[in-house]
Amino acid sequence: MPAPQCASCRKARAALRRPRSGQALCGTCFCAAFEAEVLHTVVAGRLLPPGAVVAVGASGGKDSTVLAHVLRELAPRLAISLHLVAVDEGIGGYRDAALAAVRRQAARWELPLTVVAYAELFGGWTMDAVARSTAGSGRSRSCCTFCGVLRRRALEEGARRVGATHVVTGHNADDMAETVLMNFLRGDAGRLARGGGLGSPGEGGALPRCRPLQLASQKEVVLYAHFRRLDYFSEECVYAPEAFRGHARELLKLLEAARPSAVLDLVHSAERLALAPAARPPPPGACSRCGALASRALCQACALLDGLNRGRPRLAIGKGRRGLDEEGPPGRRGPQPSGPPASEPIPGF
Amino acid sequence: MCEVGEDYRAPAGQPPPRPGREQKCVKCKEGLPVVVIRAGDAFCRDCFKAFYVHKFRAVLGKNRLIFPGEKVLLAWSGGPSSSSMLWQVLEGLSRDSAKRLRFVPGVVYADEGAACGQSPEDRAKTVAEAKAGLAERRLPVVFSLPPSVLRCSAREPVGTEGAYKAAVDSFLQQQHALGEEQQSLPCPPRPPIRAGPPTAGQTEALSTLFSSVETLTAKEELLRTLRTHLILHVARTHGYSKVMMGDSCTRLAIKLMTSLALGRGPSSWSAGFSDERHGDVVVVRPMREHTLKEVAFYNRLFAVPSVFTPAVDTKAPEKASIHRLMEAFILRLQAQFPSTVSTVYRTSEKLVKAPRDGCAAGTPGPRCLLCMCVLDVDTADSATAFGAQTSSQLPQTQPPVAQAEAPTVSCCCTGMGAALSAFCSCREEDPRARVIEQLCYGCRVNMKDLPSLDPLPPYILAEAQLRSQRAEAEQIQEYLLEDREDEDARPGES
């Protein structure tokens with residue numbers, strides 16, 4: 001059966017059906033529509049003002065590749081300049097291959113690339129070392145917690161190095177939906193209340209962050225990458241199978257099968273969450289070591305590293321935070337402004 | 001589980017240590033344990049009963065919503081949780097219990113057989129079983145209203161009770177045991193009939209409605225909505241100011257996650273202790289701290305009778321509806337991480353629905369027609385509004401530059417004068433659109449699975465019409481000139 005005509009240009013044969021609406025479109029029209037939607041998201045949300053220097057968090061995965069490509073196409077119209085910032089967490093066999101993909105992309109698109117490594121920023125701790133350290137306590141699942149917090153810090157640092165004014169990441173609608181489900185299951189009311197919306201304006205000296213792909217469904221991101229023949233790295237992080245996010249992801253897949261609009265419905269629900277007055281936390285102060293936004297004496301990154309350095313990796317994870325007031329080994333290089341603790345990471349955006 | 005604030009403890013892979021033979025009840029330290037609650041807490045029979053009853057009383061006492069002598073309607077579905085609740089109430093009311101409960105209960109049982117496709121004989125059998133079970137316990141009043149809500153329910157919006165009572169009367173339809181044919185137009189009210197079998201026409205109308213719904217998810221949601229309306233109607237007509245629902249902790253956690261996935265937000269109303277959406281009738285949930293496991297143990301140990309009624313989703317495969325999926329998921333996760341249900345439940349207590357930007361704290365916005373939640377539909381700028389609209393819009397060959405995404409609906413104001421057409425909102429005359437725009441986001445998504453709105457019960461359609469007329473009247477109100485004495489001196493209205 002021959003494919004129907006493209007619903008938009010009516011000239012070419014349709015090459016795909018859009019997942020949300022079922023419309024048949026040819027490749028060019030689909031890519032144009034996708035770019036138009038991202039443009040609208042950015043403009044309507046006033047996310048990237050003209051003249052912004054934008055640091056794109058590039059991991060080599062499909063989301064950040066598509067993000068970088070679309071922003072590059074839209075850059076003249078938005079009057080922004082782009083820099084690629086890649087974070088090397090030190091996960092052997094995974095991150096090095098991904099970084100090679102990022103380097104190829106940077107060369108092809110002629111965008112400046114900066115690589116920041118955990119080992120350099122965080123006193124020699126790579127994710128593999130963290131995993132070994134937490135594995136001793138029998139909860140290797142928690143290494144994703146470390147990776148997420150430290151990566152946000154590293155991204156921020158990389159963005160500052162290139163003189164950026166905004167940070168963008170490639171989270172898509174499915175990621176947002178998974179985050180909502182996961183935070184509900186974990187009981188993280190604070191993150192649930194903060195999570196809705198298109199990004200954070202940047203509190204406590206942190207750079208404003210946003211997610212231009214937030215409304216695009218994951219399937220469309222993959223389709224876009226296919227039609228534009230983008231070269232990306234598509235393997236899963238080595239530690240991903242143990243992450244709790246896997247459960248939320250599996251649930252989301254099932255929900256989507258039962259009702260295709262489930263992802264949008266979840267995002268809608270998430271937009272409308274707020275903490276009850278009784279449950280609101282006190283306003284945050286500054287970290288005593290690095291000066292970043294923190295709700296306790298130490299910000300999450302400093303607290304996690306402290307725990308690692310003292311050989312008690314789960315020190316900062318959990319209630320009580322016993323022993324955090326003890327003096328730990330000196331290690332910071334000086335004030336590093338950073339953002340508030342963020343939600344759990346997605347392996348490879 | 002990577003739970004926030006989780007303490008450093010043994011990996012979840014190992015099961016908790018099983019109580020040995022020599023272990024005694026953890027509470028009284030004397031009796032032999034018969035049941036294990038939570039992880040490793042073994043209770044003897046008496047201590048378990050005391051624990052269970054105490055929880056029930058504590059939930060009622062802490063919230064202080066039930067007043068002595070008040071009429072309270074117990075919604076009984078025949079299932080274990082509501083049967084347990086009924087049993088607790090009965091025991092609490094009996095003279096020999098310490099600090100006996102002091103309210104006046106009644107029981108309502110909604111026969112949903114028609115929605116599930118049961119034959120009238122099966123339904124009669126179930127109802128008889130239910131009645132027999134209740135009669136043993138000498139309850140003062142028993143209602144068994146079949147889904148005659150099709151004709152005889154009333155809707156009372158919040159805050160306009162006084163003006164609306166007259167309208168309520170005009171909407172009341174009663175059904176006779178003789179099976180007279182009912183007209184769809186409002187007729188003068190008659191005294192309410194306690195019980196009676198529904199007419200074949202009504203049964204058929206109900207089954208047409210449910211068979212026209214395309215997905216099981218929408219069916220379940222519709223059934224839930226209609227059931228709530230029915231119970232509220234019974235409560236209102238018989239003078240009950242409170243309704244008690246028997247949702248257990250497990251059930252509530254599942255309901256919360258489901259309403260999240262359906263776009264209803266955290267729905268703290270459907271999971272909190274008291275639900276005050278409906279104005280004069282308050283829905284309370286005294287069983288909300290009991291897990292399903294405790295309920296099951298209690299029912300078994302103390303022989304609480306319950307009746308099995310097949311529901312819309314009985315024997316449905318796991319992937320058939322969002323409700324089934326979520327139930328299976330949470331129960332499976334609970335087996336692996338024993339704190340899942342309580343975590344979800346506690347989280348919901350900390351969250352509320354954020355108010356819409358336009359409304360100040362004091363003024364509630366318009367309410368959804370079906371679920372009585374504040375309307376939370378997105379303005380054109382919001383993220384999900386855009387996401388949903390682009391799916392229905394045709395992408396143009398050139399990428400549009402920052403369109404304002406106001407829905408462009410053609411303005412059909414044929415009935416109105418030219419002077420008013422400029423002020424009339426761009427609302428289609430299509431009755432479907434008229435109903436849809438009065439629904440909240442979650443109900444709208446459900447209505448997508450209903451190809452035509454005609455089989456909906458007449459009271460819903462009538463209420464929709466009334467509301468939209470009222471809204472239109474409000475809109476032109478500011479442009480109407482008042483009647484003045486010196487009318488002649490002014491030029492006439494345009």
Side-chain angles (χ1 to χ4, degrees), chain A residues 7-9 18 20-21 23 25 29 32-33 35-37 39-41 43-44 137-139 141-142 144-145 173 180-181 184-189 192-193 197-198 214-215 244 247 251 254-255 257-259 261-262 264-269 271-276 279 314 317-320 344, chain B residues 1-8 10-11 215 217 256-257 259-266 268 319-322 325-326 329 333 340 343-344 346-347 349-355 376 378 381-384 386-388 390-392 394-403 405 441-442 445 448:
Chain A
S8 164
C9 65
R18 290 196 82 170
R20 259 182 211 157
S21 57
Q23 251 177 359
L25 294 175
C29 293
E35 283 163 15
E37 283 160 24
L39 180 66
H40 176 90
T41 309
V43 171
S137 66
R139 302 300 290 272
R141 218 179 287 130
S142 57
C144 289
T145 308
V180 172
L181 284 174
F184 225 95
L185 289 169
R186 287 172 72 225
D188 200 342
L192 279 172
L198 281 170
Q214 192 169 344
L215 305 176
F244 187 71
H247 295 283
L251 177 62
L254 292 172
L255 288 175
R259 183 174 267 202
S261 63
L264 268 186
D265 297 341
L266 273 168
V267 174
H268 173 93
S269 299
E271 278 184 350
R272 295 208 148 54
L273 292 172
L275 277 177
R314 292 192 56 75
I317 305 177
K319 289 185 191 140
E344 290 227 350
Chain B
M1 159 157 112
C2 302
E3 195 181 313
V4 168
E6 186 191 12
D7 275 339
Y8 186 12
T215 60
T217 310
L256 272 164
M257 296 291 293
S259 63
L260 202 66
L262 288 171
R264 292 185 193 278
S268 47
K319 305 218 168 117
S321 76
I322 303 244
L325 271 175
M326 201 53 93
F329 177 79
L333 206 62
T340 306
T343 306
V344 173
R346 300 272 164 235
T347 309
E349 285 186 335
K350 294 189 210 158
L351 292 171
V352 293
K353 223 165 183 165
D376 59 350
D378 311 300
D381 293 340
S382 130
T384 43
F386 181 70
T390 48
S391 66
S392 57
L394 279 179
Q396 297 150 25
T397 45
Q398 287 103 27
V401 178
Q403 284 177 15
E405 299 301 325
Y441 183 90
V445 177
K448 280 197 199 140

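- For the atom pair CZ of A/Arg186 and OG1 of B/Thr340, the computed distance is 13.0 Å after rounding to the nearest 0.5 Å.
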**OP:** Verify side-chain contact (heavy atoms from CB on, under 4.5 Å) between B/Met257 and A/Leu181, making sure each step is shown before the conclusion.
**Re:** CA-CA 8 Å; B/Met257 296 291 293; A/Leu181 284 174; 3.8 Å; yes

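- Remark: B/Thr217 pairs with no residue by the side-chain hydrogen bond (donor to acceptor under 3.5 Å, both in side chains) rule, at least two apart or across chains.
- Annotation: side-chain contact (heavy atoms from CB on, under 4.5 Å) contacts of A/Ala262 (sequence neighbours excluded): A/Leu255.
- Here the straight-line distance linking atom CG of B/Leu262 with atom OG of A/Ser261 works out to 9.0 Å at 0.5 Å rounding.
- A 4.5 Å side-chain heavy-atom check between B/Leu325 and A/Leu254 finds at least one atom pair inside the cut-off.
- At least one side-chain heavy atom of B/Leu260 sits less than 4.5 Å from a side-chain heavy atom of A/Leu266.
- Here the side chains of B/Val445 and A/Arg259 are in contact, with some heavy-atom distance below 4.5 Å.
- For the residue pair A/His268 and B/Gly263, the shortest heavy atom distance occurs at CD2-O, 3.4 Å.
- With contacts defined as side-chain heavy-atom distances shorter than 4.5 Å, the pair B/Met326/A/Leu251 qualifies.
- Of all non-hydrogen atoms in A/Phe184 and B/Thr347, the two that sit nearest each other are O-OG1, 3.9 Å.
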